[in-house]
Asker: 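Take a look at this one; I'll ask things after.
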Amino acid sequence: MKESGSRSLLEEAGFFVGENVWPAGTGRSLRVLLRFGKTAKGMGKMETILLEKRAGVAFITLNRPHVRNAISLEMADELRQAVSECEEDDAVKVLVFTGMGDSFVSGGDLRQFMQARGREEAQPILDRVAGLLGAIDGCSKPTIAMINGHAIGGGCEFAVSCHFRFAAETAMLGFVQIGLSITTGWGGGSRLLDKLPESKALALLLTGKRISAREAERCGLVDAVYPPDRLREETERFAAEIAAQPLAGIRAYLQLLRWKRDGMSLDERIRGEVSQCAGLWGSDEHVRAVQRFLRKN
C-alpha cells in the first residue's frame with residue numbers, strides 16, 4: 001500500500017497523521033519518550049489542555065486544534081492529572097470534556113503512535129491512553145463528553161468512556177478501527193458492548209460505519225443532540241443541575257454504578273445502597289434540607 005493510501009485510512013480511523021510518521025528503526029525513540037517524557041505531574045500551566053472550574057463544574061478542553069485535538073502521550077498525562085485534580089477537589093462535582101475548534105478528538109497522534117511495531121512496543125502506548133480513559137470511566141464524579149465535532153476511532157472511544165454524551169448535530173461518530181486491520185485499543189469496544197444492546201454495538205464495531213449524531217442518538221450511543229450554537233448552553237444546563245446537588249449523594253450514586261460494573265449481586269448492591277443512605281441520614285446537611293422542605297410544604 002502506498003503511503004498516501006495508508007494516510008487516508010489512518011485519518012479516517014481518527015488518527016492525526018503528521019510529518020515523519022513512517023520512521024526508520026524499531027521504535028526506540030518512542031520507548032525513550034515513554035521512559036523520560038515530560039508529564040503533567042508537578043507542572044504549572046498545562047501545554048495541551050485547558051482546565052476551567054466554575055460553579056461546581058470543571059471544563060476540560062483538549063487544546064490541540066492544529067491536529068484536530070489528537071491525543072499525544074503528553075496530552076494523555078495532562079488529562080490524567082486534570083482528572084485526578086478534579087477528583088480531589090470537593091468544589092468540583094461534574095467534569096465536562098470537549099475539544100478546541102471544530103473537532104472533538106481525532107484519536108491518537110500517529111507521529112508518536114506509529115513508531116511502535118508489534119505487541120511489545122504498542123502495548124505500553126495503548127495502556128497509557130487506556131489508563132486515562134479508565135480513570136474517566138471510573139471517576140467518582142459524573143463525566144460528560146460535549147462532542148462539538150467529529151469523534152472517529154479513538155475519539156469515539158474517548159466519548160464512550162464518559163458517563164454522558166451530548167453532541168452537536170453536525171458531529172459524526174464511528175468505531176472505524178476495523179478498516180485498518182486493528183481493533184479498538186483503548187477499551188472503547190468493551191465499553192460500547194456494555195452500553196448498547198450487543199447487536200447494535202457489534203454492528204458499529206464490525207462494519208466500521210460512520211454515523212451522524214442523530215443516528216448515534218437513535219441507537220443510544222449519544223444521549224442528546226443539539227444545534228452547534230446550543231450545545232454548550234444545553235450541556236452546561238445539565239451539568240449545573242447535577243452540580244446543584246450535594247457531593248456526598250453524587251458520589252454515592254456513582255458508587256452504585258461501580259458496584260454494578262464490579263459484578264456485585266443485586267442483593268449486595270441493595271445492602272450497600274441502604275448502608276450509604278444510613279451513613280448520610282441525620283447529617284447536618286440532611287436535617288437542613290428536610291427543614292427547608294417542610295417549610296415549603
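Numbering starts at 1 and runs along the sequence shown.
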Asker: Please enumerate all residues that pass salt bridge (Lys or Arg N to Asp or Glu O under 4.0 Å) together with Arg232, with sequence neighbours excluded.
Answerer: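 Expected list: Glu236.
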Asker: Between Lys209 and Gly174 (side chain of the first, backbone of the second, donor and acceptor by atom type, cut-off under 3.5 Å), is there such a pair?
Answerer: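 Between the backbone of Gly174 and the side chain of Lys209 there is no qualifying donor-acceptor contact (under 3.5 Å).
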Asker: Cut-off 3.5 Å, no hydrogens considered: what does the side-chain donor-acceptor table look like for residues 193-204, sequence neighbours left out?
Answerer:
none

Asker: For Arg258, enumerate each residue passing the side chain to side chain contact (heavy atoms under 4.5 Å, CB included) test, keeping only those at least two apart in sequence or located in another chain.
Answerer: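 Residues passing side chain to side chain contact (heavy atoms under 4.5 Å, CB included) with Arg258: Ser140, Leu254, Gln255.
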Asker: Determine whether Leu50 and Met100 make a side-chain contact, defined as any pair of heavy atoms from C-beta on separated by less than 4.5 Å.
Answerer: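 When only atoms from C-beta onward are counted, Met100 and Leu50 do touch, with a gap below 4.5 Å.
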Asker: Is Thr235 reaching over with its side chain to a backbone N or O of Leu231, donor-acceptor style, under 3.5 angstrom?
Answerer: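 Yes.
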Asker: With side chains defined as the heavy atoms from C-beta onward, is the minimum distance between Pro246 and Glu285 less than 4.5 Å?
Answerer: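 Counting from C-beta outward, Pro246 and Glu285 never come under 4.5 Å.
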Asker: Mind checking the CG-CG spacing from Asp127 to Leu132? Nearest 0.5 Å is all I need.
Answerer: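 Rounded to the nearest 0.5 Å, the CG-CG separation comes to 12.5 Å.
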Asker: Keeping to residues at least two apart or across chains, list the ring pair (Phe, Tyr, Trp, His ring centres under 6.0 Å) pairs with something in residues 73-102.
Answerer: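 Sorted result for residues 73-102: Phe97-Phe158.
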Asker: Report yes or no: does Gln276 contribute a side-chain atom to a donor-acceptor pair with the main-chain N or O of Ala252 at less than 3.5 Å?
Answerer: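 Present.
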Asker: Transitive ILVMFWY cluster of Ile270 at side-chain heavy atoms under 4.5 Å: who else is in it?
Answerer: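 Grouped by the 4.5 Å side-chain rule, Leu266, Val274 form the rest of the cluster around Ile270.
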Asker: Roughly how far, to the nearest 0.5 Å, is the CZ atom of Phe175 from the CZ atom of Arg210?
Answerer: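 The CZ atom of Arg210 sits 13.5 Å away from the CZ atom of Phe175.
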Asker: For Glu233, enumerate each residue passing the side chain to side chain donor-acceptor pair (under 3.5 Å) test, keeping only those at least two apart in sequence or located in another chain.
Answerer: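 Side chain to side chain donor-acceptor pair (under 3.5 Å) check on Glu233 returns Arg237.
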Asker: Are any side-chain N or O atoms of Arg269 and backbone N or O atoms of Leu256, one a donor and one an acceptor, separated by less than 3.5 Å?
Answerer: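 Judged by distance alone, no pair lies under 3.5 Å.
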Asker: Search all heavy atoms of Val92 against all heavy atoms of Cys86 and return the closest pair with its distance.
Answerer: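 In terms of heavy atoms, the two residues are closest at CB-O, 3.9 Å.
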Asker: So does Ser212 get a backbone contact from the side chain of Glu215, meaning a donor-acceptor N/O pair under 3.5 Å?
Answerer: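 Yes, Glu215 side chain to Ser212 backbone: donor-acceptor pair under 3.5 Å.
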Asker: Give, for atom OH of Tyr226 and atom CE of Met146, the distance between the pair rounded to the nearest 0.5 Å.
Answerer: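 Going from OH on Tyr226 over to CE on Met146, the span is 12.0 Å.
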Asker: Just jot down the side chain to side chain contact (heavy atoms under 4.5 Å, CB included) partners of Asp262, sequence neighbours excluded, or say none.
Answerer: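 Side chain to side chain contact (heavy atoms under 4.5 Å, CB included) check on Asp262 returns nothing, list empty.
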Asker: Can you sort out the partners of Asp102 under salt bridge (Lys or Arg N to Asp or Glu O under 4.0 Å), two or more places apart, ordered by chain and number?
Answerer: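 None.
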Asker: Would you mind reporting whether Ile136 and Leu133 have side-chain heavy atoms less than 4.5 Å apart?
Answerer: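 A side-chain contact under 4.5 Å exists here.
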Asker: Measure across Ala239 and Val94 and return the closest heavy-atom pair with its distance rounded to 0.1 Å.
Answerer: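 Heavy-atom minimum between the residues: O-CG2, 3.7 Å.
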Asker: So, Asn69 side chain and Ser103 main chain: donor-acceptor pair closer than 3.5 Å or not?
Answerer: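 Side chain of Asn69 to backbone of Ser103: a pair is present.
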Asker: With no hydrogens and no angle check, just 3.5 Å: does a side-chain donor-acceptor pair link Glu268 and Ser265?
Answerer: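 Note: Glu268 and Ser265 side chains meet the donor-acceptor criterion.
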Asker: Looking only at non-hydrogen atoms, find the nearest pair between Ala76 and Val129 and report the distance.
Answerer: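 Closest approach of Ala76 to Val129: CB-CG2, 4.4 Å.
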Asker: Give the minimum heavy-atom separation between Ala171 and Gly149, together with the two atoms involved.
Answerer: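 Closest pair (atom of Ala171, atom of Gly149, distance): CB-O, 3.4 Å.
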Asker: Flag the pair Glu74 / Glu47 as yes when at least one side-chain heavy-atom distance between them is below 4.5 Å, and no otherwise.
Answerer: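 The answer is no; the side chains never approach within 4.5 Å.
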Asker: Run the salt bridge (Lys or Arg N to Asp or Glu O under 4.0 Å) test against Glu52 and tell me which residues pass, sequence neighbours left out.
Answerer: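 Only Arg54 meet the salt bridge (Lys or Arg N to Asp or Glu O under 4.0 Å) criterion with Glu52.
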Asker: Is any side-chain heavy atom of Thr61 less than 4.5 Å from a side-chain heavy atom of Ile49?
Answerer: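 Not in contact.
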Asker: Does this structure show an ion pair linking Glu85 with Lys53, if we count only N-O contacts that are shorter than 4.0 Å?
Answerer: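 A salt bridge links Glu85 with Lys53.
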Asker: Do Glu87 and Cys139 touch side chain to side chain, with heavy atoms closer than 4.5 Å?
Answerer: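 Glu87 reaches Cys139 side chain to side chain.
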Asker: Is any side-chain heavy atom of Leu51 closer than 4.5 Å to a side-chain heavy atom of Phe59?
Answerer: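 Contact flag for Leu51/Phe59 side chains = no.
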Asker: Ignoring hydrogens, what is the shortest heavy-atom contact between Ile60 and Ala82? Give both atom names and the distance.
Answerer: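 Looking at all heavy atoms of both residues, the closest pair is CD1-CB, 4.2 Å.
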Asker: Hey, what do you get for CZ (Arg117) to CD (Glu121), rounding to the nearest 0.5 Å?
Answerer: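 Between atom CZ of Arg117 and atom CD of Glu121 there are 8.0 Å.
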Asker: Who are the side chain to side chain contact (heavy atoms under 4.5 Å, CB included) partners of Val290, not counting sequence neighbours?
Answerer: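 Partners of Val290 under the side chain to side chain contact (heavy atoms under 4.5 Å, CB included) test: His286, Leu294.
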Asker: Taking side chain to side chain donor-acceptor pair (under 3.5 Å) as the cut-off, I'd like each qualifying pair that reaches into residues 145-170, sequence neighbours left out, listed once.
Answerer: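 Sorted result for residues 145-170: Thr98-Asn148, Thr143-His163, Glu157-Gln177, Glu169-Arg214.
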Asker: Using the salt bridge (Lys or Arg N to Asp or Glu O under 4.0 Å) criterion, which residues pair with Arg191? Sequence neighbours excluded.
Answerer: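 With sequence neighbours excluded, Arg191 shows a salt bridge (Lys or Arg N to Asp or Glu O under 4.0 Å) to Asp137, given in chain and number order.
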Asker: Measure across Glu241 and Gln245 and return the closest heavy-atom pair with its distance rounded to 0.1 Å.
Answerer: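 Looks like O-NE2, 3.4 Å.
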Asker: Kindly indicate whether the side chain of Arg64, heavy atoms from C-beta on, has any atom under 4.5 Å from the side chain of Met75.
Answerer: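 When only atoms from C-beta onward are counted, Met75 and Arg64 do touch, with a gap below 4.5 Å.
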